[in-house]
Trainee: 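This structure is in structure tokens; I'll ask about it shortly.
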Amino acid sequence: MSGDHSHIEGQSHKHKDKYKEKEHKHKDHKKDKEREKSKHGNSDHKDSSDKKHRDKEKEKLKHKDGSTDKYKDKHKEKRKEEKPHVKSELEDNSYYSPKLEKSLKRERDDNDSEFKPKKIKTENDKKAKKRKPDEVIKPTKTKNKKGEVADGKKKAKKEPEEKWKWEEERYTDGVKWKFLEHKGPVFAPPYEPLPSNVKFYYDKHMKLSPEAEEVATFFAKMLDHEYTTKEIFRKNFFKDWRKEMTAEEKAKITDLKKCNFTEMNEYFKAQSEARKAMSKEQKQKIKEDNERILQEYGFCIMDNHRERIANFRIEPPGLFRGRGDHPKMGMLKRRIRPQDIIINCSDSKHPEPPPGTRWKEVRHDNKVTWLVSWTENIQGSIKYIMLNPSSRIKGEKDWQKYETARRLKKCVDRIRAQYREDWKSKEMRIRQRAVALYFIDKLALRAGNEKEEGETADTVGCCSLRVEHIKLYPENDGQEYVVEFDFLGKDSIRYYNKVPVEKRVFKNLQLFMENKEPDDDLFDRLNTSVLNKHLQELMDGLTAKVFRTYNASITLQQQLKELTSDENIPAKILSYNRANRAVAILCNHQRAPPKTFEKSMQNLQTKIDAKRDQLSDAKRELKSAKADAKIRRDEKSKAVETKKKAVQRIEEQLMKLEVQATDREENKQIALGTSKLNYLDPRISVACKKWGIPVEKIYNKTQREKFAWAIDMADDDYEF
DNA sequence: ACCCTGACTTGTTTCCAGTGGA
DNA sequence: TCCACTGGAAACAAGTCAGGGT
């Protein structure tokens, strides 16, 4: 499986080289340079224009845009100053992050007194006031088993309705729901210490304290994983692990290299074997238990409907697995407790925290869609529990997204003409904006927000491209003005592409790159907020990502028109998949070739070979039958007919297999799912029924649930 | 004007259970 | 009946973007 770096249509490289080695010097280097820049108080472009005047226009440019210092640099400088982690006196232990610190502080400040839910100012608030000015949600002890919930304002006590009526804009004024009731999250099961005979080894066998042991098991479970060999991972893990150790353990265990987790690792392997080997009844029981939990916690009532919750289980503790070259991989992801949790629901009734605990907060914010949130300790960002894609709240939003893309369709010509015009602008920032937009449109690049250096893997999108990420070839492989892109995008997936561009774009790129270091920003006068502000002016609701949606959907529609033949259904589905694949390639949706890929390919190949043999056998038989018939002067020999049929049948089967093989091979490194789920207007697919392709052949059950809105609107002659 | 962060979408990988062929 | 394979779901990381505070 290793070593296969084949390309897909000249575009995407794969997996192995996905996590490109990056020099870490990068950051410090950059920092220095920025300091220098700001010291001199002038930008690259002023400097550069003093050099040779290759381009007349440049002269004008420099004056026009001298106005601003670079935003980007400013941020960076600022951020760096703030960065130093001031350790809070209350947080001696490991779980430290700046954001967390803030929220901890808040917690400390305002809830020592009494558990009192916070009220926030929303529309809801006004309503609440009308009802009962100072209603405090008291931890209701009411174990409402059966319908004794029938107190006054319980509008949702009527049986939940069956189906939603799809409306693009249901509530005005940002209200997302009017009634919301749920059971709260399901917490990760508490840690169960290992049996006493399973020990950790360091010079000698030793039993760890439960706290240290738990963290050790996280590592032990991953022993087979490549992560555990990476230096950063090991370093971060060890640092966080030591924080959980007792003083003696800390004194003793000082070197991760000397740690031996194999015994623990084997114990877990045995456990999973045992789980596999369980009897049918046991498995059945587990399944039923899960179903019970799902039924109890996996649903909520929103505006009279019972809706499925997407992730009602709190993420269990473990070691953080960042993607790509992540500086924080291996850090301990801490266990979430009830006092970390914010509950969001209607003000009438809220879920109970587990006995002996309390929620961090209960609020009633109907302008947001989440039911539960907590702050995670690695990046200090907020995690949410939200509804399933099949829910109304997600469906309507999805629908809206495609409607925006369709509006773009109406004015895309105008916008394209506009940015082409802007390539000639006198202002550098406008040229940069126009070229970036061209990339976003033509290549479906992501916007490319700035990221916190050192906090996340070094990845880029359009606006954050650096000089080192592109190469210019005035001439390449017989094509003029070729740009070679090579960078790591979202999830550290490599984007590699060579595209011919228009001359003006090419010249502009040369201009942007002049006098810059490889790690300078290509578009130093541009960031996503500037770009999006501009787009907003061009069309209401237009942002960079709308182009991805638009181009994906329009590509599907076009490809379908070209490809769909009047053949049988399997052939049509293949056509659909081809169209889907074209989109996935456009969006650079890659996947690691499945571990079993080679093998399954081989299996298919042996099948094909067998079919071939069978075919030649059949042909031979046909031949001899023919000869035989000739001798016997039997014009309409039955034998010949049947043999002929057999040959035909086998040929067909062979073809089918070969098609399957190509389909699979073409799909080796391409993931269709992402585009299917997020970029392709489902109504285009639903409308395929006009060619006799039933929706069931395109979408599985969950997908049909997610796209219920689209199926509902079902319209044969739907045009994106 | 800038910057931060909350909310929500998009993305890949991992896990698991069901399926169909030997 | 077993077992290898596969597709789908779950998990959760990593984006985008808007709005509000400074």
Side-chain angles (χ1 to χ4, degrees), chain A residues 15 18 68-69 71-72 74-76 78-79 82 98-99 102-103 174 176 222 225 272 275-276 283 286-287 290 294 310-316 318 320-324 326 328-329 333 342 344 365 367-370 373 375-376 378-384 386-389 393-394 397-398 401 446-452 455-457 459-464 489-493 527-533 535-536 541-546 548-549 552 584 587-592 594-597 599-600 603-604 607 664 671-675 677-679 699-703:
Chain A
H15 201 57
K18 173 160 106 180
T68 104
D69 276 303
Y71 354 41
K72 290 186 178 180
K74 276 197 203 157
H75 301 171
K76 281 177 192 163
K78 183 92 183 222
R79 252 187 256 127
E82 287 171 357
K99 281 191 207 165
K102 271 188 214 162
S103 78
K176 311 272 166 103
M222 296 178 71
H225 204 290
S272 83
R275 224 173 309 123
K276 270 183 217 157
K283 282 184 179 169
I286 290 176
K287 208 175 155 187
N290 281 336
L294 173 70
N311 54 327
F312 57 91
R313 285 170 210 275
I314 299 279
E315 296 176 16
F320 176 74
R321 298 147 88 115
R323 315 246 168 98
H326 199 118
K328 294 192 171 179
M329 63 168 76
K333 203 169 81 169
I342 302 175
N344 190 28
D365 183 353
K367 300 218 187 236
V368 296
T369 65
W370 53 267
S373 76
T375 303
E376 150 262 9
I378 305 287
Q379 311 282 3
S381 62
I382 308 171
K383 296 259 189 171
Y384 303 94
M386 292 182 186
L387 297 192
N388 201 43
I393 222 164
K394 295 286 182 188
K397 201 76 192 299
D398 206 29
K401 174 180 76 184
R446 295 188 189 81
N449 283 301
E450 284 149 74
K451 303 176 57 180
E452 311 218 8
E455 300 282 305
T456 53
T459 62
V460 299
C462 187
C463 294
S464 49
K490 179 171 174 180
D491 290 311
S492 293
I493 298 282
N527 63 31
T528 52
S529 116
V530 168
L531 178 65
N532 280 334
K533 225 166 261 165
L535 293 175
Q536 193 61 240
L542 186 60
T543 64
K545 86 188 184 99
V546 178
R548 248 166 107 80
T549 313
C587 295
N588 199 38
H589 290 143
Q590 303 189 34
R591 61 166 185 178
K595 283 186 222 51
T596 53
F597 184 85
K599 206 189 290 171
S600 76
N603 289 352
L604 199 56
K607 263 192 204 165
R664 198 179 292 180
L672 299 188
T674 307
S675 48
L677 248 39
N678 299 305
Y679 288 104
Y699 294 133
N700 66 28
K701 185 158 159 283
T702 0
Q703 295 170 154

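Reckoned from all heavy atoms, side chains included, excluding hydrogens, waters and symmetry mates.
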Trainee: Mapping A:G541 and A:N700 onto DNA chain C by nearest heavy atom, which one lands closer to the 5' end?
Mentor: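 Nearer the 5' end of the strand: A:N700.
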Trainee: Quick one: which of A:H225, A:H326, A:K333 gives a side chain to side chain contact (heavy atoms under 4.5 Å, CB included) with A:R321?
Mentor: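 Exactly one option meets the side chain to side chain contact (heavy atoms under 4.5 Å, CB included) with A:R321, and it is A:H225.
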Trainee: Any base atoms under 4.0 Å from A:T528, or only sugar-phosphate, or nothing? Heavy atoms, all strands.
Mentor: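 No contact.
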Trainee: Give a yes/no answer on whether the side chain of A:T543 brings an N or O atom under 4.0 Å of OP1 or OP2 in C:dC17.
Mentor: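 For A:T543, the contact criterion (side-chain N or O under 4.0 Å from OP1 or OP2 of C:dC17) is met.
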Trainee: Please state whether the phosphate of B:dC16, meaning OP1 or OP2, lies under 4.0 angstrom from any side-chain nitrogen or oxygen of A:K287.
Mentor: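 No, outside the criterion.
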Trainee: Does A:N449 put a side-chain nitrogen or oxygen below 4.0 Å from OP1 or OP2 of C:dG15?
Mentor: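 No, A:N449 has no side-chain N/O under 4.0 Å of OP1/OP2 on C:dG15.
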Trainee: I need the A:I393 CD1 to A:D398 CG distance, nearest 0.5 Å.
Mentor: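 Those atoms lie 13.5 Å apart.
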Trainee: If you check every side-chain atom of A:K394, which of C:dG15, B:dG11, B:dC8 has the closest atom?
Mentor: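 Nearest to the side-chain atoms of A:K394, counting from C-beta on, is B:dC8.
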Trainee: To the nearest 0.5 angstrom, please state how far the CD atom of A:Q703 sits from the CG atom of A:L677.
Mentor: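 Output value for this atom pair is 5.5 Å.
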Trainee: With a 4.0 Å cutoff (strictly under), does any side-chain N or O of A:S529 reach OP1 or OP2 of B:dC3?
Mentor: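 No, because none of the side-chain N or O atoms of A:S529 sits under 4.0 Å from OP1 or OP2 of B:dC3.
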Trainee: If you take atom types as modelled and just measure distance, does the side chain of A:K397 reach the base of B:dT9 with a donor-acceptor pair under 3.5 Å?
Mentor: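 Between B:dT9 and A:K397, which were checked side chain against base, a qualifying N/O pair under 3.5 Å is absent.
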Trainee: Of the non-hydrogen atoms in A:G380 and A:T375, which two are nearest, and what is the gap between them?
Mentor: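 Closest approach of A:G380 to A:T375: O-CG2, 3.6 Å.
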Trainee: Any side-chain N or O of A:N527 less than 4.0 Å from the OP1 or OP2 oxygen of B:dC3?
Mentor: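 It does not, given that no N or O in the side chain of A:N527 lies less than 4.0 Å from OP1 or OP2 of B:dC3.
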Trainee: Hey, does A:F320 reach any base, or is it just sugar-phosphate, or nothing, if we go heavy atoms under 4.0 Å?
Mentor: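 It contacts sugar-phosphate atoms only.
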Trainee: Return the value, rounded to whole Å, for the distance between atom NE2 of A:H326 and atom C1' of C:dA13.
Mentor: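 Spelled out: NE2 on A:H326 to C1' on C:dA13 is 9 Å.
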Trainee: Starting at NZ of A:K451 and ending at P of C:dA14, how long is that distance when rounded to a whole Å?
Mentor: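 For the pair A:K451 NZ and C:dA14 P, the rounded distance is 7 Å.
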Trainee: Identify the two heavy atoms, one from A:K401 and one from A:N678, that lie closest to each other, and give their separation to 0.1 Å.
Mentor: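 Reported closest heavy-atom pair: NZ-O, 2.8 Å.
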Trainee: A:T702 side chain N/O closer than 4.0 Å to the phosphate oxygens (OP1, OP2) of C:dG8?
Mentor: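 It does not, given that no N or O in the side chain of A:T702 lies less than 4.0 Å from OP1 or OP2 of C:dG8.
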Trainee: Just to be sure I understand the rule, does A:R548 reach a base, reach only the sugar-phosphate, or reach nothing, if contact means heavy atoms closer than 4.0 Å?
Mentor: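 Answer is sugar-phosphate: A:R548 comes under 4.0 Å of backbone atoms only.
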Trainee: Just say parallel, tilted or perpendicular for the rings of A:Y384 and A:W370, cut-offs at 30° and 60°.
Mentor: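 Rings of A:Y384 and A:W370: tilted, 30 to 60°.
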Trainee: With a cut-off of less than 4.0 Å, is there a side-chain N or O of A:N678 near OP1 or OP2 of B:dT9?
Mentor: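 No.
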Trainee: So A:K401, base contact, sugar-phosphate only, or nothing? Heavy-atom distance under 4.0 Å.
Mentor: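 It contacts sugar-phosphate atoms only.
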Trainee: Closest to the A:E315 side chain: C:dA13, C:dT16, C:dA18?
Mentor: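 Nearest to the side chain of A:E315 among the choices is C:dA13.
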Trainee: With nearest nucleotides of DNA chain B determined for A:R275 and A:R446 from heavy-atom distances, which residue corresponds to the more 5′ nucleotide?
Mentor: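 Nearer the 5' end of the strand: A:R446.
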Trainee: Is any side-chain nitrogen or oxygen of A:S381 closer than 4.0 Å to OP1 or OP2 of B:dG6?
Mentor: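 So the side-chain polar atoms of A:S381 never come under 4.0 Å of the phosphate oxygens OP1 or OP2 of B:dG6.
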Trainee: Taking CG from A:D491 and P from B:dT13, how many angstroms apart are they, rounded to a whole number?
Mentor: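 After rounding, the gap between these two atoms is 7 Å.
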Trainee: Tell me whether the side-chain N/O atoms of A:H225 come closer than 4.0 Å to OP1 or OP2 in B:dT13.
Mentor: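 No, A:H225 has no side-chain N/O under 4.0 Å of OP1/OP2 on B:dT13.
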Trainee: Between A:G461 and A:K383, just flag the one whose closest nucleotide in DNA chain C comes earlier from the 5' side.
Mentor: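 Taking each residue's closest nucleotide, the earlier one in sequence belongs to A:K383.
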Trainee: If you draw a 6.0 Å radius around NZ in A:K283, do more than 12 non-hydrogen atoms from other residues or ligands fall strictly inside?
Mentor: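 Check passes, neighbour count above 12.
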Trainee: Which part of the nucleic acid does A:A544 contact within heavy-atom distance under 4.0 Å: base, sugar-phosphate only, or nothing?
Mentor: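 Contact class for A:A544: sugar-phosphate only.
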Trainee: Heavy atoms only, 4.0 Å cut-off, all strands: where does A:K533 land among base, sugar-phosphate and nothing?
Mentor: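 Result for A:K533 = nothing.
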Trainee: Looking at A:H589, does any N or O in its side chain come under 4.0 Å of the phosphate oxygens OP1/OP2 on B:dG11?
Mentor: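 Affirmative; the distance criterion is met.
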Trainee: Check every strand shown and say whether A:P316 touches a base, only sugar-phosphate, or nothing at a heavy-atom separation below 4.0 Å.
Mentor: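 Contact class for A:P316: sugar-phosphate only.
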Trainee: Describe the nucleic acid contact of A:G673 in one word from base, sugar-phosphate, nothing, applying a heavy-atom distance below 4.0 Å.
Mentor: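 If one applies the 4.0 Å heavy-atom cut-off, A:G673 turns out to touch nothing in the nucleic acid.
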Trainee: Measure CG/A:L294 against P/C:dA10 and give the value in whole Å, please.
Mentor: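 Checked: the CG to P distance equals 8 Å.
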Trainee: Starting at CZ of A:F312 and ending at C1' of C:dC12, how long is that distance when rounded to a whole Å?
Mentor: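 Rounded to the whole Å, the gap is 15 Å.
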Trainee: In whole angstrom, what separates A:E452's CD from C:dA14's C1'?
Mentor: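 About 13 Å, once rounded to whole Å.
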Trainee: So does A:N532 get a side-chain nitrogen or oxygen closer than 4.0 Å to the phosphate oxygens (OP1/OP2) of C:dC17?
Mentor: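 Yes, A:N532 has a side-chain N/O under 4.0 Å of OP1/OP2 on C:dC17.
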Trainee: Taking 4.0 Å as the cut-off, does a side-chain nitrogen or oxygen of A:K176 come that near to OP1 or OP2 on B:dC8?
Mentor: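 Yes, such a contact exists.
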Trainee: Determine: side-chain N/O of A:Y679 to OP1/OP2 of B:dG11, distance under 4.0 Å, yes or no.
Mentor: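 It does, given that an N or O in the side chain of A:Y679 lies less than 4.0 Å from OP1 or OP2 of B:dG11.
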Trainee: Students often get this wrong, so: under 4.0 angstrom with heavy atoms, is A:S373 touching a base, only sugar-phosphate, or nothing?
Mentor: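 Touches nothing.
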Trainee: If each of A:S675 and A:Y384 is mapped to the nucleotide of DNA chain B with the nearest heavy atom, which maps nearer the 5' terminus, i.e. the 5' end?
Mentor: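 It is A:Y384, whose closest nucleotide lies nearer the 5' terminus.
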Trainee: Identify the heavy atoms of A:C587 and A:A552 that sit nearest to each other, and give their distance.
Mentor: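 Nearest pair, atom of A:C587 first, then A:A552: SG-CB, 4.4 Å.
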Trainee: Please state how far atom CD in A:E455 lies from atom P in C:dA14, giving the value in whole angstrom units.
Mentor: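 Distance, rounded to whole Å: 12 Å.
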Trainee: CD of A:Q703 versus P of C:dA9: gap in Å, rounded?
Mentor: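 Those two atoms, CD and P, are 7 Å apart.
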Trainee: Should A:K545 be listed as having a side-chain N or O under 4.0 Å from OP1 or OP2 of C:dC17?
Mentor: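 So the side chain of A:K545 is outside the cut-off, no N or O lying under 4.0 Å from OP1 or OP2 of C:dC17.
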